[in-house]
Amino acid sequence: MRESGANLPVYLSANNFLPFIDNGLGEALISPIKYRTMNGNIANGLEASLLPKVCNVYLKARDAKDLHKSQMAMAAQADIIMRGLAEVGIVALIDEATGFQRERAGDALSRILEAFIAKELQPWVKTFPDEFYAQLFRLRGLKYPTENVKRPQYFGHLTNDIVYKRLAPAVLEELKNTTPKTAKGRPREHYHRRLTPDLGHPKLREHMASVVTAMKLSKNYSDFRSKIDMLHPKFDETITMDFMLEDQDDDGKGL
């Protein structure tokens, strides 16, 4: 490993990280891949498969109690990413986030929807934990109503954005199309009752656990959105991984 972090990207250039960067990662970091951003600028990146190794540098330094106070927030976000990668591979995550899944076989989407959405309405079981709504109220700056379960109507739109748009490709659209509506145009049943018991519902519960963890680690809704966009990007939308950009400053906002 190099004796100095001078040639490393700024998010890993601090000297306390050097003992935790192996030679393979170190060489990749000082020989980055050039790419063009959406703004047309040239920036430095690295192979997607190296992202877990970058996160592990922070986590190993944290476990060794060798992190500076200013680095703790980034270590927490690295932890979130690693939890998410336990469920979704990084290459698959980036493929979905950049729209690369459109290159798949023409019937791939129909197979996904068939696996996720049941042909018949499923029995109701409690799926969204109370903690999800308690955290959502907190992040939106609202008082949590402990006496009743009444929630603002727009929470439904937030739930669609946080959960169903990030569960699998086109799942939200299919749920909207297949769920009967009231005279006011609202769904007659909860969307989760239309998910398959062997895949759709288990994936939803896994997703909810990850979402609640991200919520607990967030200061406000904007902070949460940045975390959830990184951890579970909406399908067919491109995300920007700021900590890989060439001009990223060491201000704790990367990763």
Side-chain angles (χ1 to χ4, degrees), residues 48 52 80-136 149 151 153-216 224-225 227-239:
I80 291 174
I81 292 173
M82 292 299 287
R83 288 170 187 257
L85 296 182
E87 301 175 15
V88 182
I90 181 60
V91 175
L93 183 153
I94 293 176
D95 284 351
E96 298 291 359
T98 58
F100 187 73
Q101 74 279 3
R102 289 190 292 273
E103 302 298 325
R104 296 174 180 166
D107 62 346
L109 182 58
S110 62
R111 292 202 303 268
I112 291 173
L113 295 177
E114 183 177 354
F116 267 83
I117 300 178
K119 291 181 172 59
E120 298 179 354
L121 190 66
Q122 302 298 301
W124 186 91
V125 293
K126 185 169 183 175
T127 303
F128 287 72
D130 294 338
E131 185 67 20
F132 169 75
Y133 292 107
Q135 292 295 329
L136 193 54
V149 293
R151 297 183 283 269
Q153 285 190 2
Y154 75 88
F155 271 28
H157 297 289
L158 296 183
T159 300
N160 286 343
D161 179 79
I162 295 168
V163 179
Y164 294 108
K165 285 186 178 181
R166 304 166 192 269
L167 197 59
V171 162
L172 177 59
E173 290 77 6
E174 186 69 9
L175 289 172
K176 287 182 176 180
N177 292 335
T178 57
T179 302
K181 296 179 174 58
T182 66
K184 294 183 178 181
R186 297 176 185 171
R188 287 188 180 277
E189 297 100 12
H190 294 93
Y191 284 157
H192 64 79
R193 293 187 62 189
R194 307 200 67 85
L195 297 177
T196 54
D198 56 338
L199 179 62
H201 204 267
K203 290 299 293 183
L204 174 59
R205 295 183 73 94
E206 290 176 10
H207 182 79
M208 291 304 304
S210 180
V211 165
V212 171
T213 299
M215 284 177 156
K216 290 180 178 179
F224 166 67
R225 277 299 303 268
K227 287 181 172 65
I228 201 66
D229 283 344
M230 176 68 72
L231 182 57
H232 298 292
K234 287 183 284 189
F235 289 90
D236 297 324
E237 291 191 13
T238 301
I239 57 172

Heavy-atom nearest pair, Arg205 first then Thr127, reads NH1-CA, 4.0 Å
Can you pull the salt bridge (charged side-chain N to carboxylate O under 4.0 Å, His left out) pairs that have at least one residue in residues 168-179, sequence neighbours excluded?
none
Does some side-chain heavy atom of Arg194 sit less than 4.5 Å from a side-chain heavy atom of Glu189?
yes
Just wondering, do Phe224 and Leu136 contact through their side chains at under 4.5 Å, heavy atoms?
no
With sequence neighbours excluded, tell me which residues meet salt bridge (Lys or Arg N to Asp or Glu O under 4.0 Å) with Arg193.
none
Exercise answer: donor-acceptor pairs, residues 115-122 side-chain atoms, under 3.5 Å, sequence neighbours excluded:
from: Gln122; atom 1: NE2; to: Glu120; atom 2: O; distance (Å): 2.8

Distance in Å, Leu172 CG paired with Asn160 CG, rounded so as to fall on 0.5 Å steps:
5.0 Å
Using atom types as modelled and distance alone, determine if a side-chain donor or acceptor of Ser210 lies under 3.5 Å from a backbone N or O of Glu206.
no
dist Met215:CE -> Gln135:CD (nearest 0.5 Å) comes out at 7.0 Å
For Thr213 and Ala209, which heavy atoms make the closest approach, and how far apart are they?
OG1-O, 3.0 Å
Tell me, please, which residues at least two apart from Phe155 pass ring-ring contact (aromatic ring centres under 6.0 Å, His included).
Phe137
Might you point out which heavy atoms bring Val163 and His207 nearest each other, and give the distance in Å?
CA-NE2, 3.6 Å
Evaluate the side-chain proximity of Pro187 to Lys181: yes if any heavy-atom separation is below 4.5 Å, no if none is.
no
Drop me the distance from Arg186's CZ to Thr179's OG1, to the nearest 0.5 angstrom.
15.5 Å
When rounded to the nearest 0.5 angstrom, what distance separates NZ in Lys234 from CD1 in Ile162?
10.0 Å
Do the side-chain N and O atoms of Thr196 and His201 include a donor-acceptor pair separated by under 3.5 angstrom?
no
Parallel, tilted or perpendicular, judged at 30° and 60°: which one describes the rings of Tyr164 and Phe128?
tilted
Applying salt bridge (Lys or Arg N to Asp or Glu O under 4.0 Å), name anything that partners Lys184, two or more places apart in sequence or on another chain.
none
Any residue meeting salt bridge (Lys or Arg N to Asp or Glu O under 4.0 Å) with Arg225, in chain and number order, not counting sequence neighbours:
Asp161, Asp229
Identify the two heavy atoms, one from Pro129 and one from Met208, that lie closest to each other, and give their separation to 0.1 Å.
CD-CE, 4.1 Å
Please assess Tyr191 against Val171 for the test side chain to side chain contact (heavy atoms under 4.5 Å, CB included), listing each intermediate value before the final yes or no.
CA-CA 10 Å; Tyr191 284 157; Val171 162; over 6 Å; no
